[in-house]
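These numbers were taken from a predicted model, which means no experiment stands behind them. Residue numbers start at 1 and run along the sequence shown. Counting convention: from 1, in listed order, for ligands and their atoms alike.
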Amino acid sequence: MERPDGQPDARLHVAIIMDGNGRWARARGLPRTAGHKFGVDALKRTVEGAAEAGVGKLTVFGFSTENWRRPRGEVSELMKLMKAYVESDLERLARDGVCVKIMGRRAGLAPDILDVIERAERRTAQNDAFTLQVAFNYGGQADITDAVRTLAQAVKAGRLDPDAITEDVVGMALSSRGDAPDLIIRTSGEHRLSNFLLWEAAYAEFVFQDVFWPDYGPKHLKTAIEEFRGRERRFGAVEASKRAAS
Ligand code: IPE
Ligand code: IPE
Ligand code: MG
């Protein structure tokens, strides 16, 4: 991560695919929507414990561009929960110095959802103690597609030279602004990206945890980060020890 003053930030950018709400509910004989409700509590706990675990930025997958394929009642419950979460927690997050960012397609969202998204971003824009980024109506392919369109329009208008299109330029056109996570966690035992952060995941480490999201909390996050700390990231180069020897 990079701090606003351009200095590298030792704190981690962690991204979480919060998965398993439906299975958590089914195991208890509850409707899937109950799983989503308890999932919001897990999110609150995890956000509260994240800074202490060494995280500076937390990106969570809240709703994918493919989640519209779910039953209408479930989609509307997920929309309601997003709105209720912002309404209940925005002031506290703002006072705690949290900067809230929402990534994903705005087109297609209802006006009341757009309103809370914009309110959350406006209210916390000046904060920099911690960043909570929520991927909502987000899909990696949709995000890259939108970025390509934006760049193509800039070329067409004569504002961008095709030869000036670098990885940084593409990254900046994404809704993440290219800020890549160090670690991607997926809960619930599934081992896939499901269209999350396709570009940004290039050199992320992955930790899969066999716990349904509504049961998740700071303890699980710390375990995932401990595992991450034991990894060696090479970014295509050779290990530091071998580099010194050659
Ligand atoms: C994750 O839990 C929450 C969202 C996708 C919004 P799921 O709803 O995917 O739960 P499972 O995977 O069906 O158990
Ligand atoms: C990914 O989970 C989306 C979110 C966590 C918001 P899904 O549960 O939708 O993914 P698939 O369908 O199992 O791949
Ligand atoms: Mg799922």
Side-chain angles (χ1 to χ4, degrees), residues 13-47 50 55 57-89 100-110 112-113 116-117 120 132-146 174-176 181 183-201 204 206-217 220-221 224:
H13 177 185
V14 174
I16 307 183
I17 303 173
M18 311 182 287
D19 198 17
N21 294 352
R23 280 163 285 163
W24 180 93
R26 195 175 56 204
R28 285 162 180 75
L30 298 168
R32 291 179 56 82
T33 49
H36 297 317
K37 235 167 115 199
F38 282 89
V40 175
D41 295 336
L43 175 62
K44 292 182 188 185
R45 286 196 296 275
T46 306
V47 170
V55 178
K57 181 170 185 171
L58 186 69
T59 299
V60 294
F61 204 1
F63 189 86
S64 77
T65 46
E66 289 73 40
N67 286 150
W68 294 104
R69 296 173 185 159
R70 295 187 178 203
R72 201 198 304 220
E74 182 173 344
V75 169
S76 94
E77 183 65 20
L78 287 165
M79 294 291 153
K80 254 197 262 167
L81 286 172
M82 163 72 169
K83 191 173 161 192
Y85 172 59
V86 174
E87 279 168 350
S88 70
D89 280 43
V100 179
K101 291 182 195 286
I102 316 288
M103 60 192 298
R105 271 192 180 150
R106 301 283 159 107
L109 293 176
D112 60 330
I113 302 295
V116 290
I117 285 176
L132 173 63
Q133 181 164 256
V134 183
F136 198 80
N137 196 21
Y138 173 86
Q141 292 181 340
D143 207 56
I144 293 169
T145 303
D146 292 348
L174 298 170
S175 62
S176 63
L183 166 65
I184 297 179
I185 295 168
R186 184 166 189 152
T187 62
S188 89
E190 305 292 6
H191 296 180
R192 54 178 173 264
L193 265 182
S194 299
N195 205 8
F196 191 42
L197 302 178
L198 297 183
W199 173 277
E200 298 84 347
F206 289 83
V207 170
F208 299 101
Q209 290 178 294
D210 229 337
V211 47
F212 291 138
W213 177 252
D215 287 329
Y216 205 83
H220 301 92
L221 180 62

- Task: Could you check whether the rings of Phe136 and Phe63 sit parallel, tilted or perpendicular, using 30° and 60° as the cut-offs?
- Result: tilted

Can you classify the ring geometry of Phe38 versus Trp24 as parallel (below 30°), tilted (30 to 60°) or perpendicular (above 60°)? tilted

ask   = Is the distance from the Mg ion (ligand 3) to some N, O or S atom of Glu190 under 2.8 Å?
value = no

The answer, listing residues by chain and number that come under 4.0 Å of ligand 2 through any heavy atom, is Ile17, Met18, Asp19, Phe61, Gly62, Phe63, Asn67, Arg70, Arg186, Arg192, Ser194

How about [X] and [Y]: do any of their side-chain heavy atoms sit closer than 4.5 Å?
X      : Y     : result
Ser88  : Lys44 : yes
Pro181 : Thr59 : no
Leu58  : Ile16 : yes

Crowding at CZ, Arg26 (>12 non-hydrogen neighbours, <6.0 Å) | no

Q. Should we say atom CD of Gln141 is surrounded by more than 12 heavy atoms from elsewhere, each under 6.0 Å from it?
A. no

The atom of Asp19 among N, O or S that is nearest the Mg ion (ligand 3) is OD1

